[in-house]
Amino acid sequence: MKGLGVSQGIGIGKAFIIEKKVVNISVNQTDDTDNEVRRFHNALENCKKETEELYIKTLNNIGEKEAMIFKSHEMILEDEVFISDVETKIKNEKVNAEFAVNEIAISYIKMFESINDEYLRERADDVKDIMNRVLSELMGINTIDFSKMEKDSVLVVKDLTPSDTAQLDRTKVSAMITEIGGKTSHAAIMARILGIPTVVGLEGIVDNVKSDDIIICDGKSGKVIINPSEKQKQYYSNKRKKELNIIKQLKKQIGLPTVTKDGFTVSLSSNISSPRDVDSALENDAEGIGLFRSEFLFMNRNCQPTEEEQFNEYKEVLVKMKEKPVIIRTMDIGGDKEVSYMDIPKEMNPFLGYRAIRVCLVDTDMFKTQLKAILRASVYGNAKIMFPMISTVQELKDAKKIYEQAKDELRQKKIPFKDNIEIGIMIEIPSAAIISDILAKEVDFFSIGTNDLIQYTMAVDRMNSKLAHLYSQYHPALLRLIKSIITNAHNAGIWVGMCGEAAGDPKLIPVFVGMGLDEFSMNSPSILRARYIIRDLNKKEMDKIADDVINIETAMEVEKYLSCIFSESEIESRLCGNMKYNY
Ligand code: PEP
Ligand code: MG
């Protein structure tokens with residue numbers, strides 16, 4: 001089977017399937033209602049224990065915010081009204097516990113779903129989750145949760161949300177396969193940050209695989225093999241050994257400057273979603289953080305993070321990074337990043353809707369709180385602020401005005417902050433790219449967000465696996481836009497980086513060097529390979545390549561042209577030296 005490889009590497013292991021089971025609940029009349037009430041309480045107790053374990057595990061492996069979701073589940077399991085409603089139903093109607101739980105939970109779910117409040121509607125999902133777990137306990141069906149996952153599991157799931165991904169234990173997952181998703185869906189981005197080989201868009205995989213089937217997942221080619229032959233196993237385990245050896249060889253790049261043979265220096269930074277990603281950034285010798293997706297601090301919780309909570313998170317990153325630059329992007333909620341407690345209505349086209357800076361310019365209190373938290377943390381390191389999804393000059397001016405108000409409020413309270421931190425914007429909307437000469441006069445830097453720039457330029461939803469062939473970073477339209485953004489930035493005397501996924505693409509790195517990009521920010525596991533490539537380039541030769549690609553007709557031809565110039569297999573064989581791999 002073949003899907004879309006979105007996070008490279010080979011994963012081999014037993015299938016761990018996550019599917020929503022449809023359980024048939026039948027009604028049984030009984031006189032022994034005391035026994036049914038007892039069974040209900042036993043099931044509640046077991047679920048509570050399981051929830052507590054999940055809480056501790058998530059707290060230790062991931063963080064407090066993510067763990068809080070299980071605290072809210074615990075509250076539902078202890079809810080006196082829910083418990084007494086189920087007991088009354090069992091006793092009055094003389095029915096089995098499963099039936100009573102199902103009926104009561106469904107009435108709660110319906111009630112939550114009918115309320116015109118996003119947060120309360122989301123609670124319906126929590127009740128569904130709890131209901132399924134209590135029913136599974138009562139019926140002796142194995143529930144599936146991440147805590148039951150064994151080492152070297154290959155996760156097979158229909159859809160993976162960013163919050164699911166946040167709960168994964170990296171040490172147990174050897175690969176992931178999903179039916180839905182695109183290369184730059186946020187779950188795919190997180191998989192790359194975590195270094196988990198991942199294939200998405202493999203329709204029907206959940207029905208085609210049984211638990212404990214052996215699966216091979218090639219996160220680069222997108223190939224998935226179910227119950228491979230001995231020969232195939234041998235082939236892929238050798239391929240995996242080769243990849244691990246390449247990683248070992250690339251470690252030799254640590255400490256070297258990122259400079260071309262003819263002296264053009266660029267900066268190589270890391271994209272992170274939380275302070276815990278900083279360790280991997282430093283292990284891979286990131287020269288800075290080019291994109292801190294701060295919106296992840298707002299997710300998997302019941303309310304907005306306070307100024308103090310945010311301050312602590314930003315400070316932790318800045319302190320860990322010492323004097324290295326840290327670009328904190330103000331929150332970019334919306335699109336595929338949902339936040340239940342915010343008043344973001346369901347929209348026909350969420351990626352074209354109420355998102356990122358558009359939300360911040362309406363909910364100015366929330367925006368100011370975030371800016372104050374960043375400003376307060378700025379004294380602990382080298383912070384820069386970046387606004388996402390800017391499409392007009394007015395939006396930028398409005399954002400800067402709120403930023404000045406945040407500063408004034410801190411000044412009035414005599415709270416220290418750095419007054420001269422750099423302000424930048426993401427260029428990820430075609431309108432911004434086209435007027436980048438005007439926008440450049442207003443900021444200290446740009447960072448090109450190719451993930452969104454591709455989707456808006458090509459009119460292709462970045463999550464849509466059916467249209468993945470159109471969503472291409474090699475399209476000459478995109479490359480022309482990138483070239484003009486870089487030129488406009490340099491003409492205005494500001495520096496320009498790129499934090500979209502294209503920045504780490506080995507085939508495009510030479511093109512962007514030729515265009516004069518100053519900073520490349522990518523997921524940490526890609527950094528040392530990028531340094532190896534850049535140190536092998538000659539800027540003058542790349543100038544010519546950058547000029548050539550924008551005149552090629554199609555994305556496919558651009559990719560083919562670049563594959564001739566840059567052969568990944570040649571680099572790999574150079575890195576592996578004389579080692580022989582039989583595959
Ligand atoms: C981008 O759009 O390229 C980007 C880096 O932002 P995000 O992926 O978070 O939308
Ligand atoms: Mg974006």
Side-chain angles (χ1 to χ4, degrees), residues 6-7 161-163 165-166 181-193 200 269-274 277 281 286 288-299 326-339 344 349-360 384-391 395 424-433 436 445-464 471-475 478-479 481-482 485-486 496-505 508 512 517 519-524 526:
V6 295
S7 175
T161 63
S163 48
T165 322
K183 211 174 184 97
T184 57
S185 58
H186 283 94
I189 291 173
M190 287 174 80
R192 283 193 288 276
I193 291 174
V200 302
S269 297
S270 174
N271 292 350
I272 62 166
S273 313
S274 87
D277 297 335
I289 300 298
L291 169 65
F292 178 1
R293 288 186 166 92
S294 70
E295 57 276 10
F296 281 86
L297 308 180
F298 292 68
M299 291 159 70
V326 175
I327 301 179
I328 302 171
R329 176 176 77 180
T330 56
M331 72 85 155
D332 178 6
I333 293 298
D336 64 339
K337 288 174 287 195
E338 291 178 5
V339 165
I344 300 182
N349 295 303
F351 277 115
L352 296 182
Y354 191 49
R355 187 186 159 185
I357 199 73
R358 300 167 182 189
V359 177
C360 291
K384 299 175 199 288
I385 294 179
M386 176 159 74
F387 302 129
M389 291 285 288
I390 293 288
S391 60
E395 278 170 335
I425 54 171
M426 293 207 52
I427 302 285
E428 51 185 343
I429 296 180
S431 63
S436 51
F445 67 92
F446 284 159
S447 186
I448 304 172
T450 50
N451 306 340
D452 279 316
L453 192 55
I454 301 170
Q455 82 165 344
Y456 298 132
T457 304
M458 299 301 297
V460 170
D461 185 334
R462 63 197 263 187
M463 299 285 286
N464 193 327
Y471 183 95
S472 171
Q473 61 237 46
Y474 304 110
H475 197 288
L478 178 83
L479 298 175
L481 279 180
I482 292 174
I485 298 164
I486 297 173
V496 53
M498 181 184 289
C499 59
E501 296 294 300
D505 180 343
L508 283 171
F512 299 145
L517 192 71
E519 181 234 31
F520 293 67
S521 190
M522 58 196 70
N523 54 73
S524 302
S526 302

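Order of listing sets the numbers, starting from 1, for every ligand and every atom in it.
Counting heavy atoms from C-beta on, the side chains of R293 and N271 come closer than 4.5 Å. Using a 4.5 Å heavy-atom threshold, the side chains of S521 and M498 count as separate. E501 is not listed as a side-chain neighbour of Q473, based on a closest heavy-atom distance of 4.5 Å or more.
Side chains of Y474 and D505: a donor on one and an acceptor on the other come within 3.5 Å.
Close approach of ligand 1 to R462 (heavy-atom distance below 4.0 Å) involves ligand atoms 2 (O), 7 (P), 8 (O), 10 (O). Remark: ligand 1 atoms within the under-4.0 Å shell around heavy atoms of C499 are 5 (C). Close contacts of ligand 1 with E428, meaning ligand atoms under 4.0 Å from a residue heavy atom, involve 1 (C), 2 (O), 6 (O). When each atom of ligand 1 is checked for a heavy atom of R293 under 4.0 Å away, the hits are 4 (C), 5 (C), 6 (O), 7 (P), 8 (O), 9 (O). Listed by atom number, the atoms of ligand 1 under 4.0 Å from D452 heavy atoms are 1 (C), 2 (O), 3 (O), 10 (O). Taking a cut-off of under 4.0 Å to the non-hydrogen atoms of L291, the atoms of ligand 1 that pass are 5 (C). Within the listing of ligand 1, atoms 10 (O) sit less than 4.0 angstrom from a heavy atom of D332. Of all the atoms in ligand 1, the ones that sit under 4.0 Å from a non-hydrogen atom of R355 are 10 (O).
At a 3.5 angstrom cut-off on N or O pairs, R329 counts as close to ligand 1.
Considering only residues two or more places apart in sequence or on other chains, F445 meets the ring-ring contact (aromatic ring centres under 6.0 Å, His included) condition with W495. With sequence neighbours left out, the side chain to side chain contact (heavy atoms under 4.5 Å, CB included) criterion links A286 to S270, A281, I527.
One option in N451, L453, I427 has a heavy atom closer to atom 1 (C) of ligand 1 than any other, and that option is N451.
Checked against the Mg ion (ligand 2), the N, O or S atom of D452 at the shortest distance is OD2. Its N, O or S atom nearest to the Mg ion (ligand 2) is what matters here, and for E428 that atom is OE1.
Checked for salt-bridge contact, R355 and D452 meet the test: a charged N lies under 4.0 Å from a carboxylate O.
When all heavy atoms of G290 and E519 are compared, the pair lying nearest together is CA-OE2, 3.4 Å.
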